[in-house]
Novice: 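What follows is a structure written as structure tokens; I'll ask about it next.
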Amino acid sequence: MALVPCQVLRVAILLSYCSILCNYKAIEMPSHQTYGGSWKFLTFIDLVIQAVFFGICVLTDLSSLLTRGSGNQEQERQLKKLISLRDWVLAVLAFPVGVFVVSVFWIIYAYDREMIYPKLLDNFIPGWLNHGMHTTVLPFILIEMRTSHHQYPSRSVGLPAICTFSVGYILWVCWVHHVTGMWVYPFLEHIGPGPRIIFFGSTTILMNFLYLLGEVLNNYIWDTQRSMEEEKEKPKLE
């Protein structure tokens, strides 16, 4: 039996994201006052995605608790729809976008933090909040994937969806540059149009790869779990 029920973990994670978002929005940073506000940063968009996803998880748990043993077919149908929505958000947004933000941020940060997170930001964003935005996202989503089985959509549905998100965000970044004359991320100022196009294309490819990675990881976790349970149920030979 788990030390902490997954339902309790989801509530705790949801509350932590709400706290991170509230603290982040309370910071008076110059970039928050410019065109696009916080919504031009993928980190902020990812935080919203994660909060919405875990909100759906908590709502699903509550609905499951309320419909358990009721025998109401309509309620059960609505619960199945909610579970399908939860699984779709994990597969298409929460996992690939969350892993992308964590991995790309820390890779660029390790190479040259001024390219992605200038030291000036330390005056506005405390260290714990930085890790809340760029580190804990990964263990939180892995905990959720490990504690609950999620049904991935078909690739013909999932891959176009994550491509649409990726291209949509790239177009949004380009539009912000068109309006303000400034790139959202400092490193984009230091590369030419050709490398910039290659970078944008690579990010879309990486998003697709992370979608497939999530699908493989989800199947591996639950195939292994199923095998272990079947092994336990086998009669032992005397």
Novice: Kindly compute the distance separating OG1 (Thr136) from CD1 (Ile141), expressed to the nearest 0.5 Å.
Specialist: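 That separation rounds to 11.0 Å.
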Novice: To the nearest 0.5 Å, what is the distance between CZ (Arg196) and NE2 (His190)?
Specialist: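 Answer rounded to 0.5 Å: 10.5 Å.
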Novice: To the nearest 0.5 Å, how far apart are SG in Cys163 and CG in Asn208?
Specialist: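 So the gap between those two atoms works out to 3.5 Å.
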Novice: Taking the six-membered ring for Trp, are Trp106 and His131 ring centroids under 6.0 Å apart?
Specialist: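 Under 6.0 Å, so yes.
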Novice: Determine whether a donor-acceptor pair (N or O, by modelled atom type, separation under 3.5 Å) exists between the side chain of Arg146 and the backbone of Ile221.
Specialist: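 Pair absent, no side-chain N/O of Arg146 close to backbone of Ile221.
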Novice: Hey, can you tell me if Tyr35 and Trp172 have their rings parallel, tilted or perpendicular (30° and 60° cut-offs)?
Specialist: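 Tyr35 and Trp172: tilted rings.
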Novice: With clusters defined by side-chain heavy atoms of hydrophobic residues (ILVMFWY) lying less than 4.5 Å apart, directly or transitively, does Val167 cluster with Val101?
Specialist: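 Different clusters.
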Novice: Can you find a pair of side-chain heavy atoms, one from Leu47 and one from Tyr17, that are under 4.5 Å apart?
Specialist: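 A side-chain contact exists here, since the closest heavy-atom pair is under 4.5 Å.
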Novice: Looking at every non-hydrogen atom in both residues, tell me the closest pair between Tyr211 and Ala91 and how far apart they are.
Specialist: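 Shortest heavy-atom separation between Tyr211 and Ala91 comes out as CD1-O, 3.2 Å.
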Novice: Nearest heavy-atom pair of Met207 and Phe165: which atoms, and what distance?
Specialist: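 Shortest heavy-atom contact: CE-CE2, 4.2 Å.
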Novice: Phe41 and Val184: side chain to side chain contact (heavy atoms under 4.5 Å, CB included), yes or no, with the steps?
Specialist: CA-CA 7 Å; Phe41 300 110; Val184 174; 3.6 Å; yes
Novice: Do Ile170 and Ile197 belong to the same hydrophobic cluster, where Ile, Leu, Val, Met, Phe, Trp and Tyr are linked whenever their side-chain heavy atoms lie under 4.5 Å apart, directly or via other members?
Specialist: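 Unlinked, Ile170 and Ile197 end up in two clusters.
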Novice: Show your reasoning for whether side chain to side chain contact (heavy atoms under 4.5 Å, CB included) applies to Phe187 and Phe199.
Specialist: CA-CA 11 Å; Phe187 71 90; Phe199 173 77; 3.4 Å; yes
Novice: Tell me whether Val48 shares a hydrophobic cluster with Leu14, the cluster being built from Ile, Leu, Val, Met, Phe, Trp, Tyr side chains joined at under 4.5 Å.
Specialist: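 Hydrophobic grouping puts Val48 with Leu14.
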Novice: Under 4.5 Å between any side-chain heavy atoms of Ser166 and Thr203, yes or no?
Specialist: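 No, every pair of side-chain atoms sits at 4.5 Å or beyond.
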Novice: First locate atom CH2 of Trp39, then atom CZ of Phe44, and finally report the distance between them rounded to the nearest 0.5 Å.
Specialist: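 So the gap between those two atoms works out to 5.0 Å.
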Novice: Would the number of heavy atoms belonging to other residues, nucleotides or ligands and lying under 6.0 Å from CE of Met29 be above 12?
Specialist: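 Yes, the 6.0 Å shell around CE holds more than 12 heavy atoms from other groups.
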Novice: Under the side chain to side chain contact (heavy atoms under 4.5 Å, CB included) rule, what do Leu188 and Val173 come out as? Steps first, then yes or no, please.
Specialist: CA-CA 10 Å; Leu188 292 174; Val173 168; 4.3 Å; yes
Novice: Answer whether the closest heavy-atom distance between the side chains of Glu144 and Phe95 falls below 4.5 Å.
Specialist: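 Counting from C-beta outward, Glu144 and Phe95 never come under 4.5 Å.
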Novice: Given side chains that start at C-beta, do those of Trp183 and Val176 come closer than 4.5 Å, heavy atoms only?
Specialist: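 With C-beta onward as the side chain, the pair stays apart.
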Novice: Using a 4.5 Å cut-off on heavy atoms from C-beta on, say whether the side chain of Thr34 contacts that of Thr180.
Specialist: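 Thr180 does not reach Thr34 side chain to side chain.
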Novice: Does Trp88 form a side chain to side chain contact (heavy atoms under 4.5 Å, CB included) with Val157? I'd like the steps, not just the answer.
Specialist: CA-CA 10 Å; Trp88 187 91; Val157 172; 4.1 Å; yes
Novice: Please report the interatomic distance OH(Tyr220) to CG(Leu213), rounded to the nearest 0.5 Å.
Specialist: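 The OH atom of Tyr220 sits 13.0 Å away from the CG atom of Leu213.
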Novice: Among the clusters formed by ILVMFWY side chains lying less than 4.5 Å apart, do Leu79 and Phe54 turn up in the same one?
Specialist: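 They do not share one cluster, since no chain of ILVMFWY contacts under 4.5 Å joins Leu79 to Phe54.
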Novice: Sub-3.5 Å donor-acceptor pair from the side chain of Asn218 to the main-chain atoms of His150, do we have one?
Specialist: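 Side chain of Asn218 to backbone of His150, a donor-acceptor pair under 3.5 Å: yes, one is there.
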Novice: Would a single hydrophobic cluster contain both Val89 and Val11, if residues Ile, Leu, Val, Met, Phe, Trp and Tyr are joined by side-chain heavy-atom contacts under 4.5 Å?
Specialist: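 Per the 4.5 Å side-chain linkage, Val11 and Val89 are co-clustered.
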Novice: Can you tell whether the side chains of Lys119 and Glu114 come within less than 4.0 Å, N to carboxylate O?
Specialist: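 No, Lys119 and Glu114 are not salt-bridged.
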Novice: Please report the shortest heavy-atom distance between Val92 and Pro153, naming the atom on each side.
Specialist: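 Scanning both residues, the minimum pair turns out to be CG2-CG, 4.4 Å.
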Novice: Quick check for you: to the nearest 0.5 Å, what is the distance between Gln50 atom CD and Cys57 atom SG?
Specialist: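 These two atoms lie 10.0 Å from each other.
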Novice: Restricting to non-hydrogen atoms, name the atom on Leu210 and the atom on Pro96 that form the minimum distance, rounded to 0.1 Å.
Specialist: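 Nearest pair, atom of Leu210 first, then Pro96: CD1-O, 3.4 Å.
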Novice: Does Ser16 reach the main-chain N or O of Ile13 with its side chain, forming a donor-acceptor pair under 3.5 Å?
Specialist: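 Checked: pair present.
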Novice: For Phe100 together with Phe105, are the ring centres under 6.0 Å from each other?
Specialist: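 No - the distance between ring centres of Phe105 and Phe100 does not fall below the 6.0 Å cut-off.
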Novice: Distance to the ring centre below 6.0 angstrom and angle to the axis at most 45 degrees; does that hold for Lys40 and Tyr185?
Specialist: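 Negative - Lys40 is either too far from the ring of Tyr185 or too far off its axis.
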Novice: Between Arg86 (side chain only) and Thr60 (backbone N and O only), is there a donor and an acceptor less than 3.5 Å apart?
Specialist: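 Not a single qualifying donor-acceptor pair exists.
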Novice: With distance as the sole test, does Tyr169 use its side chain to make a donor-acceptor pair with the main-chain N or O of Leu42 at under 3.5 Å?
Specialist: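 Yes, Tyr169 side chain to Leu42 backbone: donor-acceptor pair under 3.5 Å.
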Novice: Without swapping roles, check the side chain of Glu215 against the backbone of Tyr152 for a donor-acceptor pair under 3.5 Å.
Specialist: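 Checking the backbone N and O of Tyr152 against the side chain of Glu215, no donor-acceptor pair under 3.5 Å is found.
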Novice: Salt bridge check, Asp122 against Arg113: does any charged N sit closer than 4.0 Å to a carboxylate O?
Specialist: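 Yes, Arg113 and Asp122 are salt-bridged.
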Novice: Can you tell if the side chain of Asp112 reaches within under 4.5 Å of the side chain of Ile108, non-hydrogen atoms only?
Specialist: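 Side chain of Asp112 against side chain of Ile108, heavy atoms only: no contact under 4.5 Å found.
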Novice: So does Ser19 get a backbone contact from the side chain of Asn23, meaning a donor-acceptor N/O pair under 3.5 Å?
Specialist: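 Side chain of Asn23 to backbone of Ser19: a pair is present.
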Novice: Using a 6.0 Å cut-off, check whether atom CH2 of Trp128 has over 12 heavy atoms from anything other than its own residue.
Specialist: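 Counting other residues, nucleotides and ligands, CH2 of Trp128 exceeds 12 neighbours.
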Novice: Between Ser63 and Leu82, what is the shortest heavy-atom contact and its length?
Specialist: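 Ser63 and Leu82 have their closest heavy atoms at OG-CD2, 3.6 Å.
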Novice: Please examine the side chains of Leu142 and Leu217, heavy atoms only from C-beta on, and report whether any two atoms are closer than 4.5 Å.
Specialist: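 In short, these two side chains touch, coming nearer than 4.5 Å.
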Novice: Quick check: closest heavy atoms across Leu21 and Ala51, and the distance to 0.1 Å?
Specialist: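 So the two residues come closest at CD1-CB, 3.9 Å.
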Novice: Under 4.5 Å between any side-chain heavy atoms of Leu121 and Asn130, yes or no?
Specialist: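 No, every pair of side-chain atoms sits at 4.5 Å or beyond.
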